[in-house]
Protein chains: 2
Amino acid sequence: MKIKDIAKLAGVSVATVSRVINNSPKVKPETRERILKIIEEYKYEPDHFAKSLRKRQSNFIGILFLRNSLSTEDSYTNPFLSGVLEYLFHHDLKLVLDSCDIKSGLSHYKKLIKSKLVSGFIITDLREDDERIEYLNSINFPYVVIGRNKKNNFIYIDPDNEQGGYLGIKHLYEIGCKKILYISGNKGPVVTQQRLSGVLKAKEKLSVEIEIKYGDFSKESGYKIAKKEDLKKYDGIFCASDLMAYGVFNYMKEKGIEKPLVGFDDLPSSKILGITSINQNIFDVGFFAAKMLHKIINKENVKSKILPVEVSVRESTLKFKK
Amino acid sequence: MKIKDIAKLAGVSVATVSRVINNSPKVKPETRERILKIIEEYKYEPDHFAKSLRKRQSNFIGILFLRNSLSTEDSYTNPFLSGVLEYLFHHDLKLVLDSCDIKSGLSHYKKLIKSKLVSGFIITDLREDDERIEYLNSINFPYVVIGRNKKNNFIYIDPDNEQGGYLGIKHLYEIGCKKILYISGNKGPVVTQQRLSGVLKAKEKLSVEIEIKYGDFSKESGYKIAKKEDLKKYDGIFCASDLMAYGVFNYMKEKGIEKPLVGFDDLPSSKILGITSINQNIFDVGFFAAKMLHKIINKENVKSKILPVEVSVRESTLKFKK
DNA sequence: TATCAGAATGTAATCGATTACATAAGAGGG
DNA sequence: CCCTCTTATGTAATCGATTACATTCTGATA
């Protein structure tokens, strides 16, 4: 069933049918009705490829994941994709998922662009000094980035990691902690700096004592630091990741120590373990990323966005509340 | 840059260029080399839409998720998609992700089919008596299903839930449990029956005593049943889902009870909590689903596949080992 | 009734590839 | 050297839509 068939059935030319499909105003209402009825009756759908070819536009947006980066452990992708799809759902856009190596990555992007398949990208797994950004900028291709780096200049969307750092300390402070151990992530990633900076801001503003140690975001590093430090010195612990908090949690459980503990990321396990954590609304990250990209594709003006975070208060601090 | 430009640069007709691109054997090697060099030089990529239109074939496969079904809790989708993408990555296929309501779902599928956008589907969130299956069968459209139901007839891929039920009991038996509490899921879903059936098989074969209670797969229901039952009567507990196991885990922790505990699904949290669980290799489910669908699209013969499961042994049973 | 603007519709070119068919070039045999 | 057969290449139709432009229809006005 193609447009020609519908035209024949309706006794009009293909042009008229096309006008109806594309809501052109210059069709007599009765004609339109008649054609719509036939389209409905035969459940006609325009050929997607023919349409895109002729209109010279794609309604695909692309996301390329790093191969094997979608591990079982990752609880980020689900709500993120969910948010993206939720926006696209309402705007007749489709999502092409693909994967690429870190090495051949850029050529994968180029292929999708040169074959005109996608009209924009959501960039994930951002790296410092990212060649993708430079390339996309150089050809002025629409994209939006999840997260930030220091080097490149682009439109991004990012949870407010700094605010998260601030809120974590503030929460501990409010339940009465005066001397807090902050287990930071390693110094490479941008979020490390962001979260730390919030912590330091809180330290200043609330004049609370904070000791800073550096882990690497992993459970093991949390455990190791907890073991090494003399936890008695502190009346609260804040970790820059939930995984590190789990390490600390396990160590404390082993030793029978009980201290207020706050994580960061609000992984599903934190709910189960009852660990207070900083929640970044990942669904919204996906939703707004899609929305912003859509605007960029339509050449509308868009500004980067920083999404608020909040504390998910649970047993690990609740039971110390005075 | 289009095929015409390449033809002009190479001093040949577009047909010849097209032949080179499509590896037609009837091109003189020197000509081929010359054209390939130019294609490489200008990084030419054929227009995806023009190609698909003319060849009357799409290299997209589609997955439609239920809207909002991609929750943070869901740890299934990630490795699943990862597996799908891993296969597609090596076969020049692309994945279109879309979402739909349960209500309007079928029409969404129809649209994608009628617009010729996708050449096959991977069906997730299977329901009993699923109208999608009936429709796809009726028009003989390629698809493969994740999971099974009792009513419909189709090609599926499914982890061996029955074997999982069997292995859970066997594992407890092997560490010395003689009287086991099995907390089943509710009776609706197909997996409930499958897992239970494995449990019963183990009961018979190993002649171990098993008491069966019915929860609903949720953490709360696990907690509730643990509370209601007299756990002292049992020397091991096996839950048909990790979430229920977490409920039991929490209850036992509160009461200071220690019993061997096995879950089912091997969610990420189980690793963190140290709970033994039945692992279904979800990456493989995705990988093979894509592979099978690809074969079906190519009209090759395909048989349904049941994937093996295994026990991820952790502290929750390990420490009871004799 | 003749004229003409504006609305409605039709005709045909076009998007960028693929491919059936036509043609030209080269190889080999007599 | 000519004819035939094979191989290489070119020409042009085609996929199924959209859309600029041409044409026809309608009805209002003089």
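A note on names: the letters A, B, ... follow the listed sequences, proteins ahead of strands, and every chain is numbered from 1.
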K.L.:
So A:T16, base contact, sugar-phosphate only, or nothing? Heavy-atom distance under 4.0 Å.
P.N.:
sugar-phosphate
K.L.:
Do NZ/NE/NH1/NH2 and the carboxylate oxygens of A:D130 and A:R132 come within less than 4.0 Å?
P.N.:
yes
K.L.:
For D:dG16, take OP1 and OP2 only and decide whether either is under 4.0 Å from a side-chain N or O of A:K51.
P.N.:
no
K.L.:
Answer yes or no: does a side-chain N or O of B:T31 lie under 4.0 Å from OP1 or OP2 of D:dT9?
P.N.:
yes
K.L.:
For C:dA17 and B:Y44 - does any side-chain N or O of the residue sit under 4.0 Å from the phosphate oxygens OP1/OP2?
P.N.:
yes
K.L.:
Within 45° of the axis and under 6.0 Å from the centre of the six-membered ring of A:Y135, does NZ or CZ of A:K110 qualify?
P.N.:
yes
K.L.:
Between B:K2 and C:dG16, is there a contact of a side-chain N or O with OP1 or OP2 at under 4.0 Å?
P.N.:
yes
K.L.:
Examine C:dG16: is either OP1 or OP2 under 4.0 Å from a nitrogen or oxygen in the side chain of B:K4? Give yes or no.
P.N.:
no
K.L.:
Whether B:K94 engages the ring of B:F60 as a cation-pi pair (distance to the six-membered ring centre under 6.0 angstrom, angle to the ring normal within 45°) should be assessed.
P.N.:
no
K.L.:
Is it possible for you to check whether A:K291 lies under 6.0 Å from the centre of the six-membered ring of A:Y87, through NZ or CZ, and within 45° of that ring's axis?
P.N.:
no
K.L.:
Check the phosphate of C:dT18 against B:N22, side-chain N and O only, distance under 4.0 Å to OP1 or OP2. Yes or no?
P.N.:
yes
K.L.:
Would you classify A:K28 as touching base, sugar-phosphate or nothing, given that sugar-phosphate means primed atoms plus P, OP1 and OP2, and contacts are heavy atoms under 4.0 Å?
P.N.:
sugar-phosphate
